[in-house]
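Working notes for the structure below.
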Amino acid sequence: MKQQQCYKWFSSLKRTIQEMMWESVATTVERQLPELIEQAKDREAPQGTVTLDPELKIPAYQTAVDIHCMPGGYNGEYTQDDISAGAIYNLGVYIYSLANRDSIRDDRVQTVIHKFLKQEYPNFQPGKILDMGCTIGDNTLPYVDAYPNAEVYGIDLARAILRYGHARAEFLEKRVHFSQQNAEKTNFQDESFYLVVSHILLHEIPVPAIQNVFRESYRLLAPGGIMIHQDARLYCHLDVYTAFLYDEETTNNNEPFWSSMRDLDLVAVAEEAGFSRDSLIETLLVKNNGMQLFIIVGTK
């Protein structure tokens, strides 16, 4: 296939369009950056919080390439109090997802909440929720609405993205506690959360990091708590041709861990992390547009 002219043309166009998308939104952000930084500064009476750690070491797997071809990657930071990476991500993802992810809605998260959690666990009312790899909080804010009595936390490695995410949550009047942490090992106490989630985090990190994230999820869950990690469908769910086309993300779109994640047996990873086999569910959910989502669920 890689020698076929039609595939080469397809792959070249896909990469070029991706770069054009980021360039278009980056120009918009750069033009207004000083004003955006001022608007993102803390209000006098914020609802949530943002805690940054200037000593946190960003793993090399997050800085070696510009993930998804986003200029500077998720961790780019160029000026004091920078929020540009968050703004660029917000605009770029809106275009990339064909408007299925906007300021107040994420159809993937809504599917997980309303087509799984609310149906399978109708009486579940978590007191504390943690979103791992939260980026700007578009995956996080739906949990504020779904569980209004819960304390909601979001962690990510990227300072500029967290600053933007906090400002965005405040503007939307959603109370979230953001902090700059590595999901492989957080500073939260054992059994701190009743719901630990991630959305499209796993394919952004290498296999050893995925194993650490599952161990940390188990450590953080209180008895009776639920873990849900949502990501792209594994290759075992796909026919060979579709898997090959998706693999182009690794070979030509700066997603170095896309393929290795999708080859994993995540049930085995979860068992190794401490979950019992009979507490684990691996399933596909169908979004309103007909597309399928993969989730792995563990209960403690």
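Since the model is a prediction, treat every value here as computed from it, not as a measurement.
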Q181 versus N187, side-chain donor and acceptor atoms under 3.5 Å:
yes
Full working for side chain to side chain contact (heavy atoms under 4.5 Å, CB included) between V29 and L36:
CA-CA 8 Å; V29 172; L36 289 172; 4.3 Å; yes
Does K300 make a cation-pi contact with Y218 (under 6.0 Å, within 45 degrees of the axis)?
yes
Residue pair H229 / S217, side-chain donor-acceptor N/O under 3.5 Å
yes
Hey, what's the ring geometry for W258 with Y246, parallel, tilted or perpendicular (30° and 60° as the breaks)?
tilted
Do E77 and R163 sit within salt-bridge range, that is, some charged N less than 4.0 Å from a carboxylate O?
yes
Do Q230 and V197 come close enough that some side-chain heavy atom pair is under 4.5 Å?
no
Given F193 and I129, is the side chain to side chain contact (heavy atoms under 4.5 Å, CB included) satisfied, shown in steps?
CA-CA 6 Å; F193 296 93; I129 299 171; 5.6 Å; no
Thinking salt bridges, do E272 and R215 make one under a 4.0 Å N-O criterion?
yes
So does D265 get a backbone contact from the side chain of E282, meaning a donor-acceptor N/O pair under 3.5 Å?
no
Parallel, tilted or perpendicular, as decided by the 30° and 60° cut-offs, for the rings of F294 and H237:
tilted
Salt bridge K174-D145, side-chain N to carboxylate O under 4.0 Å
yes
Using the six-membered ring wherever Trp is involved, compare the ring planes of Y143 and Y147 and label them parallel, tilted or perpendicular (cut-offs 30° and 60°).
parallel
For M261 and A232, the nearest pair of non-hydrogen atoms, with its separation, is CE-O, 4.1 Å
The test is side chain to side chain contact (heavy atoms under 4.5 Å, CB included); show your working for I295 and V112 and say whether it passes.
CA-CA 8 Å; I295 61 171; V112 170; 4.0 Å; yes
Is K14 paired with E249 through a side-chain N to carboxylate O contact shorter than 4.0 Å?
yes
Compare every heavy atom of D231 with every heavy atom of L202, then report the nearest pair and how far apart it is.
N-OD2, 3.0 Å
Under 6.0 Å between ring centres: does that hold for Y74 and H68?
no
Show the numbers, then the answer: is there a side chain to side chain donor-acceptor pair (under 3.5 Å) between R159 and N75?
CA-CA 7 Å; R159 283 187 295 270; N75 295 280; over 6 Å; no
Report yes or no: do S276 and E271 form a side-chain donor-acceptor pair below 3.5 Å?
no
Test ring pair (Phe, Tyr, Trp, His ring centres under 6.0 Å) on H177 and Y153 and set out the steps.
CA-CA 5 Å; H177 300 291; Y153 292 76; 5.1 Å; yes
With a 3.5 Å distance limit and no angle check, can you tell me whether N254 reaches the backbone of I67 through a side-chain donor-acceptor pair?
no
Is it true that F214 and F275 have ring centroids separated by less than 6.0 Å?
no
Evaluate side chain to side chain donor-acceptor pair (under 3.5 Å) for E248 paired with S11, printing each intermediate quantity in order.
CA-CA 8 Å; E248 205 257 353; S11 187; 2.4 Å; yes
Examine distances only and state if a side-chain atom of E38 and a backbone atom of P34 form a donor-acceptor pair shorter than 3.5 Å.
no
Hey, mind stepping through V213 and M132 against side chain to side chain contact (heavy atoms under 4.5 Å, CB included) and telling me if it holds?
CA-CA 9 Å; V213 165; M132 294 177 155; 3.8 Å; yes
Is there a donor in the side chain of T250 and an acceptor in the side chain of S259, or the other way round, less than 3.5 Å apart?
yes
